[in-house]
Amino acid sequence: MGFNKKMKTSIIESDIIIGMLDTGVLICFSKIIGARYYLTDGDNGPEDFISPRDAEGHGTHTTSTAAGGLVSQASLFGIAKGTVRGGVPSARIAVYKICWSYGCSDEGILAAFDDAIADGVDIISLSVGSSIPFDYFEDSIAIGAFHAMKTGILTSNSAGNGGPTPGSVVNVSPWSLTVAASTIDRKFVTKVKLGNGQIYEGATINTFDLKGKMYPFIYGGDAPNLTLGVASEFSRYCFPGALNATLVKGKIVFCEYFTDYEGVLEAGALGAVFQDTGNKDFQFSYPLPFSTLNVNDGRMIINYLNTTEYFPISLYNIGLIRIRPLKSPTATIFKTNQDNNQFAPFVVSFSSRGPNPITTDILKPDLTAPGVDILAAWSEASTVTEDDTRRTRYNIISGTSMSCPHATGAAAYVKSFHPTWSPAAIRSALMTTAIPMTSNNNIEGEHAYGAGHINPLQATDPGLVYDAGEIDYVKFLCGQGYTIANIQLISGNSSSCSEETDGTVWDLNYPSFALSSTPGKSITRVFHRTVTNVGSAVSNYRAVVNAPPGLIIQVQPSVLSFEYVGQQQSFVVTVGAELGNSMISGSLIWDDGVHQVKSPIVAYASIML
């Protein structure tokens with residue numbers, strides 16, 4: 001009998017090999033076809049395995065996200081229970097352990113790239129990055145990704161977790177895919193109930209079940225560690241060493257400012273509720289029952305604690321004595337449940353933002369993918385979280401490290417349909433078919449989400465692609481003024497710059513358009529682009545321009561006609577902008593009635609960096 005489409009896809013996917021450069025992997029994965037490790041002196045700690053085995057959990061999580069098999073009834077101690085699968089569950093995995101307890105060395109990264117290229121992987125996934133951006137010739141990931149690109153391998157990179165600071169995006173080389181992190185339509189809620197019956201919703205992942213039992217509830221400010229001379233004004237924040245262990249042991253503690261759990265944990269508290277002024281669009285797990293509340297709810301709890309009477313406490317160090325009758329405030333922290341996130345997807349607060357700090361007129365990140373509260377496999381050699389003793393096969397964590405393998409899986413999925421496509425063509429397909437997003441939820445606009453939210457199914461049929469290869473990137477580097485020596489560090493070739501190899505950044509055949517200048521100036525840039533027909537053999541695409549006030553966009557020609565698959569057509573985009581101190585964004589869409597090939601156009605003042 002014939003194969004159905006699903007069966008065909010699985011067979012094709014099984015020919016795809018994803019190279020995972022990370023902390024290793026739980027070795028029992030049957031789909032692993034090879035595993036290597038790269039250890040530099042001083043990188044490993046006593047808990048590390050001197051092998052490809054993952055002692056930390058990060059690499060297992062990213063690997064299963066990209067290409068894990070189908071598993072039913074997966075959960076983190078019952079939280080988020082359901083069926084999980086990776087982006088391309090039939091694909092195979094090659095593991096390259098480059099990261100250890102104390103870091104990821106440049107030598108290990110470059111050696112892993114060399115081996116992955118020699119091993120013939122199809123896609124490389126790298127949920128690793130520096131805390132600050134480095135120029136291309138100083139960046140081992142950019143150099144490795146260039147060598148991978150030369151052999152037809154796309155590198156998928158995490159954009160970094162330095163957001164929402166402007167210009168914090170890393171891994172910005174134009175020959176790789178830079179992935180931001182966005183929310184999914186699920187969020188986690190941890191409720192706190194007080195002895196007066198009031199219930200408040202917090203933002204953590206609480207894996208502990210107190211069964212609704214009410215426990216003594218104490219204010220951190222009423223439990224100062226007098227032995228160390230700690231005042232109430234300090235103990236209310238629950239810093240390590242600030243709390244009186246005798247007073248808080250076995251109780252739930254309320255703390256006025258979220259610092260860390262260590263102070264309440266070391267004091268022997270049963271649980272903790274923190275007032276938190278930070279972002280609550282992602283959650284963490286903790287080694288004890290734990291919830292964080294917003295400022296308004298925190299004030300309500302302080303009021304409850306102040307008006308519910310409990311045992312006398314003498315605060316001699318500040319000359320205050322509280323005498324209260326015997327009636328103790330109580331509370332409980334419920335196990336986390338999940339709710340619908342009606343605002344998803346939006347880019348999470350920690351996801352690094354543009355503008356691109358290395359090449360200002362290339363828009364980075366390229367796109368965004370799910371990276372918040374992701375349930376995936378975990379190494380049982382590790383624990384649920386720090387200072388914990390519990391082991392688990394699955395864990396829920398957040399980061400651009402989690403969004404990167406989602407994009408990796410999508411890139412591998414596209415590659416399975418189009419095995420001869422170049423890295424640039426695959427990236428183009430992902431970017432031009434991404435779901436558009438708005439600045440309503442992310443004021444940074446395209447500097448947060450790039451071309452938009454990833455749409456893997458649509459990316460297999462983009463209609464047109466913006467292709468590029470080694471010579472195009474060398475032209476770009478020459479045009480940016482890089483020395484021959486620096487270009488050779490990146491490319492590994494004895495390249496030279498001449499009139500033929502000197503190109504502007506605006507002429508790099510990129511699927512997005514960016515231009516920048518000083519505030520208060522008018523600016524005009526001309527972009528030359530070429531698209532390749534990968535859709536219908538005979539087709540006509542019409543240019544659809546979205547240009548808000550302050551932005552002028554002209555496209556010549558405004559219609560592109562194709563007669564066969566693989567045919568290329570060139571066009572010119574002229575963009576004029578009146579720049580204030582912010583960003584103006586529009587778009588160009590090539591539309592043939594079936595495909596909408598979308599490209600963001602962004603103009604911004606360089607003061608944003």
* With no hydrogens and no angle check, do the side chains of S570 and T530 hold a donor and an acceptor under 3.5 Å apart? -> yes
* Do we see a donor-acceptor contact under 3.5 Å between the side chains of N486 and Y136? -> no
* To do: Applying side-chain hydrogen bond (donor to acceptor under 3.5 Å, both in side chains), name anything that partners T65, two or more places apart in sequence or on another chain.
  => none
* Structure fact -> Here the gap from I484 atom CD1 to C478 atom SG, rounded to the nearest 0.5 Å, amounts to 5.5 Å
* Asked: Between the side chain of R529 and the main-chain N/O of P511, is any donor-acceptor distance below 3.5 Å?
  -> no
* **Test item: side-chain donor near acceptor, S398 and D373, under 3.5 Å** => yes
* Exercise: do T368 and H453 side chains pair donor with acceptor under 3.5 Å -> no
* With sequence neighbours left out, write down each residue that passes side chain to side chain contact (heavy atoms under 4.5 Å, CB included) with D115, or none if nothing qualifies. => R36, Y38, Y96, D119
* By side chain to side chain contact (heavy atoms under 4.5 Å, CB included), which residues pair with K150, not counting sequence neighbours? -> F146, H147, E470, N493
* Structure fact -> Across all chains, not counting sequence neighbours, the side chain to side chain contact (heavy atoms under 4.5 Å, CB included) partners of D22 are H58, T62, S127
* Output the distance between atom OG (S516) and atom NZ (K521), rounded to the nearest 0.5 Å. => 11.5 Å
* Pairs flagged by side chain to side chain donor-acceptor pair (under 3.5 Å) wherever residues 417-426 is involved - sequence neighbours left out -> S422-D467
* Greater than 12 external heavy atoms within 6.0 Å of I435's CD1 -> yes
* Asked: Going by distance alone, is a donor N or O of one side chain under 3.5 Å from an acceptor N or O of the other, for Y510 and D366?
  -> yes
* Which distance, rounded to the nearest 0.5 Å, do you find between the CD1 of I33 and the CD1 of I17? -> 3.5 Å
* Kindly state each residue pair satisfying disulfide (SG to SG under 2.5 Å) with at least one member in residues 532-599, sequence neighbours excluded. => none
